[in-house]
Amino acid sequence: MTKKRFYITTPIYYPSGNAHIGHAYCTTICDIFARYKRERHFEVYFLTGTDEHGLKIEKNAKAAGKSPKEYVDEIVAKFKTLWDVMQISNDDFIRTTDERHIHVVQSVFSDFIKNDDVYLGQYEGWYCTPCESFWTDTQVGEEHLCPDCGRPVQKEMEDCYFFKTKKYLPELQTFFEKEGSIYPVSRKHEMENNFIKPGLEDLCVSRTSFSWGVPILENEKHVAYVWLDALFNYLSALGYRSSNETLYKKFWEDEESEIIHVIGADITRFHTIYWPEFLSALKLRLPDKVFVHGLLMMKDGKMSKSKGNVVSPFPLIEKYGVDALRYYFAREIIFGQDGQFTPEQFIERINMDLANNYGNLVSRTLSMIIKYFDGIIPEYKEGINDNDKIIEDLAKETKVSFENKMDDLHITEAYIDVMNLLNVANKYIEDNAPWALAKDETKIENLKSVMAHLAYVISISTAMLKPILVTKADKVFDYLSLNETERDYNNVFDTKVLANKKVSKGEVLFPRLNNDDVEFVKSLMTNK
Ligand code: ME8
């Protein structure tokens, strides 16, 4: 059952290097979903931010000759610029160095101490600094490599607080059993088999060997483990435990709100095991859905800052526009699966779907309406011609399937359906040959009907594409002369809206790209 409100979160990013398209991918997908829900008139709170504590940041800052705060401030500013350029519509940006967040981490840690959820002990084991993860002897194997990222781990021995993970196992199991709580289910099975079934070990939730973290009030030698610290951003951003808990009550506490965390596959364990456990310890509601997306890979593996095989989104946006990159993310990489970034596929996807399919349909249709009817869109009438039926039926089916798929976060599949509608509409032009109809006066009604059906497909496809095409969709609505009310998602599917509107030709929406573009994108790759 669809809820009234949506709380949608991206992970908060480590400002330990500049953002790459892997980061932009996750944020963009969440943005598309948030915009789609807003278009459908749901109340949405969309959060992103930065995760600024921990050993990795402390080390990077030292190497750069800066204080950790100076170091993160500079990188956080670049993340914010990127989200502005990508037109990410987040409602808030949380930083774990914000006072409002530090207060929450300290306060919940105090509760963990008071309620006997944590105990003091000594950690002896392995630590992966890039992942900020603890591992056991068996997990790192003889080679002493991080099971998540494959990089060497370091032996650590220090005093710390341990969180009693077995205490909340029943709550965790209920969370795992709830249908749809972890998507795709393969990720859920992975967590069960790798971590829950072998027996959860208590988690080290504070550190004493460095100082860049949230100090534990009861024991200032300790700072909170960066993952405990980071996960609470989802609550601190809503004003949890502040003097104003309105957002928290509305978007977390209230069952009418659906809580959705979108994350990358590499951080599944923290979001599906430890986060539900922390929340259970505080007797708080658990998220409704943790949606795990795949990773953007390069030929030599995961695109990552520490590997240095990254592509910056900025030059791509500058040359091809923000809509093209956003579309590539939504359509090329099947949401939920890994995807490989290649310059050829990037260019091919934009050409095939945006230039040839959508752009071409818009351009041909508008030109014909101008040529044959002085730019006035004829009235859409259903069931007049048999050969229009294919469009009429498919338009209705596409709306239903698009919404069902989007609601389930099957974003790629939803846009495959929209592209299919556009494809069929292009074929409908060939099959009906309007240029031939225009030469025969007895066929004028047929010609009108073809133009009305094409304009309709363009208009509804534009509405469905709008969460992605943040700059071009409104231009197309302008060419169709639809006002704000008429282009509203709830009105645009009405077949009467377009009747007698005067169209204008407009610019080429997505110019065709060629081999030079492939070479340009290649030149942006550090590992070609
Ligand atoms: O993990 N393709 O931060 P982070 C797709 N601070 N997604 C990618 C990616 C790639 N190549 N590389 C990274 C952290 N990501 C923590 C999160 S949340 C409470 C704390 C995704 O900057 C990655 O999967 O290393 C993760 O979801 C997000 O970017 C942040 O990664």
Side-chain angles (χ1 to χ4, degrees), residues 1-13 26-51 80 83 87-108 111 171 174-175 178-183 228-263 270-272 274-291 403 406-409 411 467 488-490:
M1 246 233 317
T2 308
K3 307 227 175 149
K4 259 207 269 190
R5 259 174 244 128
F6 290 86
Y7 181 37
I8 303 160
T9 69
T10 73
I12 49 170
Y13 300 90
C26 182
T27 316
T28 303
I29 296 293
C30 287
D31 184 62
I32 292 169
F33 186 66
R35 283 174 182 266
Y36 160 75
K37 284 291 176 192
R38 289 194 200 104
E39 271 199 24
R40 304 280 318 272
H41 299 272
F42 288 103
E43 231 181 320
V44 171
Y45 203 77
F46 170 29
L47 177 70
T48 189
T50 39
D51 178 4
K80 286 188 170 176
W83 302 153
Q87 302 204 27
I88 301 300
S89 62
N90 52 305
D91 294 287
D92 195 0
F93 188 101
I94 181 91
R95 299 182 58 176
T96 55
T97 49
D98 288 348
E99 210 30 67
R100 58 178 173 155
H101 174 77
I102 292 172
H103 156 75
V104 170
V105 175
Q106 291 180 325
S107 161
V108 298
D111 279 9
E171 284 87 344
T174 311
F175 176 68
K178 205 175 131 198
E179 208 195 314
S181 59
I182 302 169
Y183 187 89
L228 177 142
D229 169 357
L231 287 161
F232 277 96
N233 88 87
Y234 301 131
L235 290 179
S236 58
L238 294 179
Y240 173 63
R241 297 196 183 199
S242 76
S243 55
N244 181 356
E245 286 200 327
T246 315
L247 286 171
Y248 166 71
K249 289 202 161 76
K250 193 166 167 186
F251 287 97
W252 196 282
E253 240 179 24
D254 187 350
E255 290 286 341
E256 285 295 326
S257 171
E258 185 157 334
I259 304 168
I260 304 173
H261 297 311
V262 179
I263 59 160
F270 298 99
H271 283 81
T272 60
Y274 303 126
W275 182 227
E277 289 229 345
F278 295 154
L279 290 168
S280 300
L282 297 166
K283 312 262 174 295
L284 300 181
R285 178 182 167 196
L286 305 191
D288 293 288
K289 195 185 273 286
V290 177
F291 194 105
E403 289 171 7
M406 286 299 277
D407 287 342
D408 278 346
L409 269 149
I411 289 176
D488 185 289
Y489 192 91
N490 281 0

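Numbers here are sequence positions counted from 1.
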Residues Leu279, Arg285; criterion side chain to side chain contact (heavy atoms under 4.5 Å, CB included); working and verdict: CA-CA 7 Å; Leu279 290 168; Arg285 178 182 167 196; over 6 Å; no
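- Rounded to the nearest 0.5 angstrom, Asn90 CG and Lys80 NZ are separated by 9.0 Å.
- In this structure, Asp407 and Lys37 have side chains that are in contact, with non-hydrogen atoms separated by less than 4.5 Å.
- Side-chain contact between Phe93 and Thr50 is present, with at least one heavy-atom pair separated by less than 4.5 Å.
- Residues Ile182 and His271 are not in side-chain contact: their nearest non-hydrogen atoms beyond the backbone lie 4.5 Å or more apart.
- Not counting sequence neighbours, the partners of Ser280 by the side chain to side chain contact (heavy atoms under 4.5 Å, CB included) test are Tyr168, Glu171, Leu286.
- Note that CZ of Phe291 and SG of Cys30 are 10.0 Å apart. Values are rounded to the nearest 0.5 Å.
- Residues Ser242 and Arg100 form no side-chain contact, since every pair of their non-hydrogen atoms from C-beta on lies 4.5 Å or further apart.
- With values rounded to the nearest 0.5 angstrom, Ile29 atom CD1 is found 10.0 Å from Thr27 atom OG1.
- The pair Glu245-Lys249 counts as a salt bridge, with a side-chain nitrogen and a carboxylate oxygen less than 4.0 angstrom apart.
- With hydrogens and angles ignored, the 3.5 Å screen pairs a side-chain donor or acceptor of His101 with a backbone N or O of Asp229.
- Asp31 places none of its side-chain heavy atoms less than 4.5 Å from the side chain of Gln87.
- The aromatic rings of Trp275 and Trp252 sit perpendicular, their planes meeting at an angle over 60°, well past the 30° parallel limit.
- The line from NZ of Lys283 to CG of Asp111 is 10.5 Å long, rounded to the nearest 0.5 Å.
- The backbone N or O of Ile259 lies less than 3.5 Å from a partner atom in the side chain of Asp288, making a donor-acceptor pair.
- Residue pairs that meet the salt bridge (charged side-chain N to carboxylate O under 4.0 Å, His left out) test with at least one member in residues 40-49, sequence neighbours left out, are Arg5-Glu43, Arg40-Glu403, Glu43-Lys250.
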Candidate pair Ser257 and Tyr45, rule side-chain hydrogen bond (donor to acceptor under 3.5 Å, both in side chains), full reasoning: CA-CA 10 Å; Ser257 171; Tyr45 203 77; over 6 Å; no
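- Residues meeting the ring-ring contact (aromatic ring centres under 6.0 Å, His included) test with Phe46, sequence neighbours left out: none.
- With sequence neighbours excluded, the residues forming a side chain to side chain contact (heavy atoms under 4.5 Å, CB included) with Ala237 are Tyr7, Leu47, Asp92, Ile94, listed by chain and number.
- The residue from Ile32, Ile260, Ile8 that alone fulfils the side-chain contact (heavy atoms from CB on, under 4.5 Å) condition with Leu409 is Ile260.
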Working for side chain to side chain contact (heavy atoms under 4.5 Å, CB included), residues Arg241 and Leu282: CA-CA 12 Å; Arg241 297 196 183 199; Leu282 297 166; 3.6 Å; yes
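- Side-chain contact check for Arg35 versus Val44: every heavy-atom pair is 4.5 Å or farther apart.
- Atoms CG and CG, from Leu247 and Leu238 in turn, are 6.0 Å apart once rounded to the nearest 0.5 Å.
- Note on Lys4 versus Asp254: no salt bridge recorded, every NZ/NE/NH1/NH2 to OD/OE distance being 4.0 Å or above.
- Under the ring-ring contact (aromatic ring centres under 6.0 Å, His included) criterion, Tyr36 pairs with Phe402, not counting sequence neighbours.
- Using a 4.5 Å cut-off on side-chain heavy atoms (C-beta onward), Leu235 and Leu284 make contact.
- Taking the six-membered ring for Trp and thresholds of 30 and 60 degrees, Phe33 and Phe6 have ring planes more than 60 degrees apart, a perpendicular arrangement.
- Among residues two or more places apart in sequence or in another chain, the side chain to side chain contact (heavy atoms under 4.5 Å, CB included) test is passed with Tyr274 by Thr165, Leu203, Arg269, Phe270, Phe278.
- Side chains of Tyr13 and Cys26 form a contact here, defined as non-hydrogen atoms less than 4.5 Å apart.
- In summary, of the residues considered (Thr10, Asp91, Thr9, Asn233), a side chain to side chain donor-acceptor pair (under 3.5 Å) with Thr48 occurs for Thr10 alone.
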